[in-house]
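Below, chain A is the first sequence line, B the second, and so on; all start at residue 1. FYI, side chains are in, hydrogens and waters are out, and symmetry mates aren't considered; it's all heavy atoms of this structure.
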Protein chains: 2
Amino acid sequence: MGKNTNYTINDIAKMANVSRGTVDRVIHGRGTVSKRAYEKVRIVLDKIDYKPNLIAQSLKKGELSKIAALIPDHQYDVFWKRPLDGIEKVKQDYASLGVTIENFLFNPYNPQSFRENAIKILEKQFEGILVVPFFYKESLDFFKKCDEQSIPYITFNTFLEDANAVSHVGQDLKQSGRVAAELMNKIAHTNGKLLIIHIDEDLADSIHMQKKEMGFSHYNGQNPQNFELQVLRTSPSENIETILVDLLQFDPEIKGIYVTTSKVFLVANILQKYQIKKYLIGYDLIEENLSFLKSGIIDFLIFQNPEYQANLGISYLIDLLVFKKEIPKKKLLPIEIAMKENYKNYIQ
Amino acid sequence: MGKNTNYTINDIAKMANVSRGTVDRVIHGRGTVSKRAYEKVRIVLDKIDYKPNLIAQSLKKGELSKIAALIPDHQYDVFWKRPLDGIEKVKQDYASLGVTIENFLFNPYNPQSFRENAIKILEKQFEGILVVPFFYKESLDFFKKCDEQSIPYITFNTFLEDANAVSHVGQDLKQSGRVAAELMNKIAHTNGKLLIIHIDEDLADSIHMQKKEMGFSHYNGQNPQNFELQVLRTSPSENIETILVDLLQFDPEIKGIYVTTSKVFLVANILQKYQIKKYLIGYDLIEENLSFLKSGIIDFLIFQNPEYQANLGISYLIDLLVFKKEIPKKKLLPIEIAMKENYKNYIQ
DNA sequence: GTTTTTTTTGTGCTCGTACACTTAATTTTT
DNA sequence: AAAAATTAAGTGTACGAGCACAAAAAAAAC
């Protein structure tokens, strides 16, 4: 299997008894070719598996493929720093093949910023796009134009049912809620109450939080030893501190807290300040969370490898554009678990 | 940054006022060049950052680099199936660049098989080698010859202090023992006794088990709420069943069991058969273990992503050989944690 | 039946590097 | 000082694809 029987344009020309130029015209459907010559080439082409030599192609064209990435600016949310690093890494790897990747960073608090960057991308004529469709309406507008120009795009992190993406790379949010519930179940044996906290629910990714909650309560419901659940919605603008302290002092039956976002450090902060010990599970290996993981106030941080995620998204685009390979319609990444003793190997 | 100011041999020739041929001779140190011409070229070369165009190089040479991988045959131990898959994946990715990878699989129960494959590799003249130095003496013999022929090699999975490897990709075994201890600590709150079981300790990777044990007991010792530890060494040939059942019935104080290898399914089997509930932590997402993870008999499986590990090893070799990049002397991969709710995303 | 126009096919050059081969310059020999 | 031998420098070609242009063949016009 996999014998390197790679035919060249020249081989085909000889086999079909025509010139290189004719083969080229048939393969690319450009120029004019007589039916007779066309047939001769087609017969050969059907018999063999011609794969153009990417090396030669790249050498000639100077550039094989132009890819754009439209992701949130990490200036506004540090979470997006590491996906960007992931993109930068593939960028270097494939630069030698003549694939260029340009990043467009939008402000995740400003739909207009998304729209502006989308326009820039359409103007510059990329062959493929990796995009975090953060804003629903704006994203669909953008995708409509991409579809018209038949530019393939891969959605990333946020899944849009109505998008016509060639692939989606993300996480299984509901399942990640289940993972949180299983962890909580394993560490807080005794029955009691659990708190689910959504922080900043007005943001565009509130749907993320809801799916996580669904997974969590679903697992909890299935489990014989189940907990009573209480959901708390809050914004950092409100005074989360007073609400939470009141709640915890009013109801000492609460054994653990599940925070559905990376903002778990806000809760950890309060637990530390008031010297309250609760089991605490949250998301993402960001700086603010790590110190609490180290000190044991946060028990587990769930996350998905963001570099790898971005890396995979770009790799899929390259597979599609350059190698003409099939790519999966949807790829859900592993739900990773970090604690005090293993988080270090994840962050470098 | 990163302007594509890539000079070609021709550019350099013009700048130095010599011919392409002379530049070529200086760069590759072949043929004869007068001191005068040499100086002229060197001056230009020192001023600019010449990076040969890999595309053109590959097109001309037809093959850029030949890499060999010497790893255990998965026919004897399924664990090695997935690293092989990881290698196959990079193989495809870089084939387009003219990098070829050939696998040599040895029998992990037979040092002679390792030696034979090593000889084959040396005969075939590879430019770089990825190797699992499973057998101490045989590996050192092999490395000596590699050093003589100055063929770079990366060790993989097994670390050999005395090897002169350009890099090592593996896991932090001691730390993985600590992770196991932290998990055990989190799920088995109450004090009591824990069992550490080494299965098949006569094998070449017994050093792996000992390091894991060290990490486990070290964490346990540091912890205020510490457990009494008991170590059990056994081979599958012995009757692990009678020993274990006796032990567990004799000492009901035992709360949990830590098995230092992927053979944890042997223990799970016994627990299931005798309807004994203990916390159980072991290694690796192999088929035999997964059913017990699903049924809840195994609580956690610790592992490192084997595809990724192999992938990284090969990528480092390519970075070194093709891109002439610096690579880290040692790369320890994350220690991953799988449970019932998250293992599926790891295995495809 | 010749000229013009259109269609079809074939050839040459380019991308950047590597290497064989030729030519030029220098040194050695007689 | 001229011829031979050696050393140094320069040129041509190939790798495979792509595209511009030239050449040839066929069709249309006179």
**Q.** For atom NZ of A/Lys40 and atom P of C/dG10, their distance in whole Å
**A.** 7 Å
Q | Whole-Å distance separating the CD1 atom of A/Ile27 from the P atom of D/dC19 | A | 12 Å
Q | Minimum-distance pair of heavy atoms, taken over all atoms of B/Ile55 and A/Leu97 | A | CD1-CA, 3.7 Å
Q: Counting heavy atoms from C-beta on, name the nucleotide in C/dG10, D/dG12, D/dA8 closest to the side chain of B/Thr32.
A: D/dA8
Q) Which whole-number value in Å describes the distance from B/His28 NE2 to C/dG16 C1'? A) 12 Å
Q | Atom-to-atom span, CG of A/Leu54 to P of D/dC15 - whole angstrom | A | 18 Å
Q.
Closest approach to the side chain of B/Ala37, judged atom by atom: which nucleotide of D/dG16, D/dA9, C/dC13 is it?
A. D/dA9
Q: Using only heavy-atom distances, decide whether a donor-acceptor pair under 3.5 angstrom links the side-chain of A/Arg25 to the base of C/dT7.
A: no
Q) So which nucleotide from C/dA18, C/dT11, D/dA17 ends up closest to the side chain of A/Ser19? A) C/dT11
Q) Is it true that atom NZ of A/Lys89 has more than 12 heavy atoms of other residues, nucleotides or ligands lying nearer than 6.0 Å? A) no
Q. Should we count CZ of B/Phe323 as having more than 12 external heavy atoms under 6.0 Å?
A. yes
Q. Taking for each residue the nucleotide of DNA chain D bearing the nearest heavy atom, is the 5' side occupied by B/Leu59 or by A/Asp24?
A. B/Leu59
Q: Taking atom types as modelled, find out whether B/Gln171 and A/Asn345 have a side-chain donor-acceptor pair closer than 3.5 angstrom.
A: no
Q: To the nearest Å, give me how far apart CD1 (B/Ile55) and P (C/dG16) are.
A: 12 Å
Q | A/Val18 side chain, from C-beta outward: closest of C/dA18, C/dG16, C/dG10 | A | C/dG10
Q.
Rounded to whole Å, how long is the line connecting atom CZ of A/Arg36 with atom P of D/dA24?
A. 19 Å
Q | Residue of the set A/Asn157, A/Thr158, A/Thr155 for which side chain to side chain donor-acceptor pair (under 3.5 Å) holds with A/His168 | A | A/Thr155
Q: Report the nucleotide, chosen from D/dG16, D/dG10, C/dA18, that has the shortest atom-to-atom distance to any side-chain atom of B/Thr22.
A: D/dG10
Q | Separation of C/dT11 P from A/Lys14 NZ (nearest whole Å) | A | 13 Å
Q | Touch class at under 4.0 angstrom, heavy-atom based, for B/Tyr38 against every strand present | A | nothing
Q) OP1, OP2 of C/dG16 versus side-chain N and O of B/Tyr50: anything below 4.0 Å? A) no
Q) Would you say the base of C/dG16 and the side-chain of B/Arg20 have a donor-acceptor pair closer than 3.5 Å? A) no
Q: From the options D/dG12, D/dA9, D/dG18, select the nucleotide whose nearest atom is closest to the side chain of B/Ser34.
A: D/dA9
Q.
On DNA chain C, does the nearest nucleotide to B/Ala56 precede the nearest nucleotide to B/Arg30 from the 5' side, or the other way round? Give the residue.
A. B/Ala56
(Q) Any heavy-atom pair between the side chains of A/Phe142 and A/Ile119 that's under 4.5 Å? (A) no
Q) NZ of B/Lys60 versus C1' of C/dC19: gap in Å, rounded? A) 6 Å
Q.
Once you apply a heavy-atom cut-off of 4.0 Å, does A/Ile9 come out as touching a base, just sugar-phosphate, or nothing?
A. sugar-phosphate
Q: Please check the phosphate of C/dA18 (OP1 and OP2 only) for any side-chain N or O of B/Gln57 closer than 4.0 Å.
A: yes
